[in-house]
Amino acid sequence: MTDPAFVGRLRELAQLQKLLAEAADGRAVTAFLAGEAGVGKSRLLSEFADRARGGGAHVLRGACIELGGGVIPYAPLIESLRLLVRERGEAEVRALAGPAWTVLGGLISDFTGTDAEAEARPDARPGGQSRIFGAVLRLLDHLGRTAPVVLIFEDMHWADQSTLDLVSYLTRAKTTERAMLLCSRRSHLPPGHLLRMLLAEPDFRRRIDELELPGFTETELRQFLGELDKLGELDLDAARRGYELSDGNAFFAEQLMA
């Protein structure tokens, strides 16, 4: 199936753009985008990220990874830094990041080829976690001096404890940084889930903005399926049946059409 044009989600997109505008004005923001698997969270984040870049913002984006028996500490942070280096080159990122890169560069030394002895992983040193937390906050502050920053962490339902601690720290420590931390997660988290426990903390919850992404309406789903079926003529009865079976879930509807 081809990647369809962006359909619907105008209300949610407007909410995200409003939060970015607040961050650009000097009120650091943490937002959580929730939705069931396949509903279109990543597609919305991609559209928002493209528009934020088009408006001049710095955009860093990474995702948590589901592994069978282990975890990768700081997986979305590492991915976002690695992609930033790939897009702009290490020299430019060093200049953009300022002093914070002394610490953060060690996290991705395996990808950049940085001398491991000269820039060892900061999380392996005494007080490593606090060094990383402080460096990320300094990075956001330093980047924010030239343009607002959007830091996107996807699939937080798979986050390890280190990533959750980082999100908790950034949310509580942020002040006037021109930064927006945007996390996505699945709507339903089982009892005892680490992220669910973090979201239940009153002090954390009052510091975040939460958005719930619903399924498509029948009209939106028909438009979405029409974008997928540009080479043919969309059968309206099939589209209606697809809506009934998928309950507006974009991924399920796409698979039904396939």
Side-chain angles (χ1 to χ4, degrees), residues 1-20 30-54 59 61-68 75-76 79 150 152-159 163 167 180-196 198-200 205 208-258:
M1 312 298 286
T2 58
D3 187 30
F6 187 71
V7 173
R9 314 311 197 192
L10 296 181
R11 182 177 65 86
E12 293 80 12
L13 189 59
Q15 287 179 283
L16 293 176
Q17 291 175 319
K18 178 176 180 292
L19 291 173
L20 177 56
T30 296
F32 273 80
L33 174 67
E36 65 181 39
V39 77
K41 299 185 296 296
S42 292
R43 185 69 180 87
L44 173 59
L45 291 177
S46 293
E47 183 70 19
F48 171 67
D50 288 344
R51 296 191 184 200
R53 286 193 188 94
V59 178
R61 183 176 181 180
C64 302
I65 301 172
E66 181 184 27
L67 295 176
E79 183 182 4
V150 180
I152 298 174
F153 285 175
E154 292 192 64
D155 299 325
M156 284 292 292
H157 46 275
W158 290 328
T163 300
V167 168
M180 177 180 181
L181 172 60
L182 177 55
C183 303
S184 70
R185 68 173 182 90
R186 289 185 181 168
S187 296
H188 304 293
L189 301 172
H193 192 285
L194 293 176
L195 177 56
R196 180 171 179 168
L198 176 61
L199 291 170
R205 196 170 195 88
I208 66 174
D209 290 273
E210 295 184 279
L211 295 78
E212 181 76 28
L213 186 64
F216 283 135
T217 64
E218 184 174 351
T219 300
E220 290 171 339
L221 187 67
R222 189 182 303 124
Q223 182 183 354
F224 173 75
L225 294 177
E227 291 289 342
L228 292 176
D229 195 33
K230 285 181 177 178
L231 298 181
E233 185 173 345
L234 182 65
D235 184 286
L236 295 182
D237 289 335
R240 183 172 296 108
R241 182 62 173 154
Y243 174 75
E244 293 171 353
L245 292 172
S246 69
D247 197 25
N249 184 291
F251 176 76
F252 295 159
E254 183 179 14
Q255 297 309 303
L256 286 167
M257 170 166 271

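Along the sequence shown, the residues carry numbers beginning at 1.
- The CE atom of Met180 lies 9.0 Å from the OG1 atom of Thr30; values are rounded to the nearest 0.5 Å.
- Side chain to side chain, Arg222 and Thr217 fail the donor-acceptor criterion of an N or O pair below 3.5 Å.
- Taking CG of Asn249 as the start and CD of Gln255 as the end, the distance is 10.0 Å to the nearest 0.5 Å.
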Residue pair Arg51, Leu13: steps toward the side chain to side chain contact (heavy atoms under 4.5 Å, CB included) verdict | CA-CA 10 Å; Arg51 296 191 184 200; Leu13 189 59; 3.2 Å; yes
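- For the atom pair CD of Glu210 and CZ of Phe32, the computed distance is 8.0 Å after rounding to the nearest 0.5 Å.
- You'll find the side chain of Leu189 stays beyond 4.5 Å of the side chain of Leu194, heavy atoms only.
- A 4.5 Å side-chain heavy-atom check between Leu19 and Leu211 finds at least one atom pair inside the cut-off.
- Judged by a 6.0 Å distance limit and a 45° cone about the ring axis, Arg9 is positioned over the six-membered ring of Phe216.
- Closest heavy-atom contact between Ala49 and Ile152: CB-CD1, 4.1 Å.
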Kindly indicate, with the supporting measurements, whether the criterion side chain to side chain contact (heavy atoms under 4.5 Å, CB included) is fulfilled by Leu44 and Phe6.
-> CA-CA 8 Å; Leu44 173 59; Phe6 187 71; 3.9 Å; yes
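- Not a single donor-acceptor pair under 3.5 Å links the side chain of Thr163 to the backbone N or O of Ala159.
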Could you walk me through whether Arg61 and Leu182 pass the side chain to side chain contact (heavy atoms under 4.5 Å, CB included) check?
-> CA-CA 9 Å; Arg61 183 176 181 180; Leu182 177 55; over 6 Å; no
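- Between the CG atom in Leu195 and the CH2 atom in Trp158 there is a gap of 13.0 Å [rounded to 0.5 Å].
- Put simply, CZ on Arg185 and NE2 on His157 are 10.5 Å apart, with the number rounded to the nearest 0.5 Å.
- Heavy-atom minimum distance, Ile208 versus Leu199: CD1-CD2, 3.9 Å.
- Annotation for Asp50: atom CG counts as buried by contact number, over 12 foreign heavy atoms lying within 6.0 Å.
- Between Lys41 and Glu154 no salt bridge is recorded (no basic side-chain N to carboxylate O distance below 4.0 Å).
- Note: Leu181 CG to Cys183 SG = 4.0 Å, rounded to the nearest 0.5 Å.
- In terms of heavy atoms, Phe48 sits closest to Gln17 at CE1-N, 3.9 Å.
- Environment of CZ in Arg241: sparse, with no more than 12 heavy atoms of neighbouring residues, nucleotides or ligands closer than 6.0 Å.
- Minimum heavy-atom separation, Asp155 to Ser184: N-OG, 3.0 Å.
- Here Gln15 pairs with Arg11 under the side chain to side chain donor-acceptor pair (under 3.5 Å) rule; sequence neighbours left out.
- In this structure, Ser187 and Ala34 approach most closely via the heavy-atom pair OG-C, 3.8 Å.
- Listed here is the closest heavy atom pair of Leu221 and Ala253: CD1-CB, 3.6 Å.
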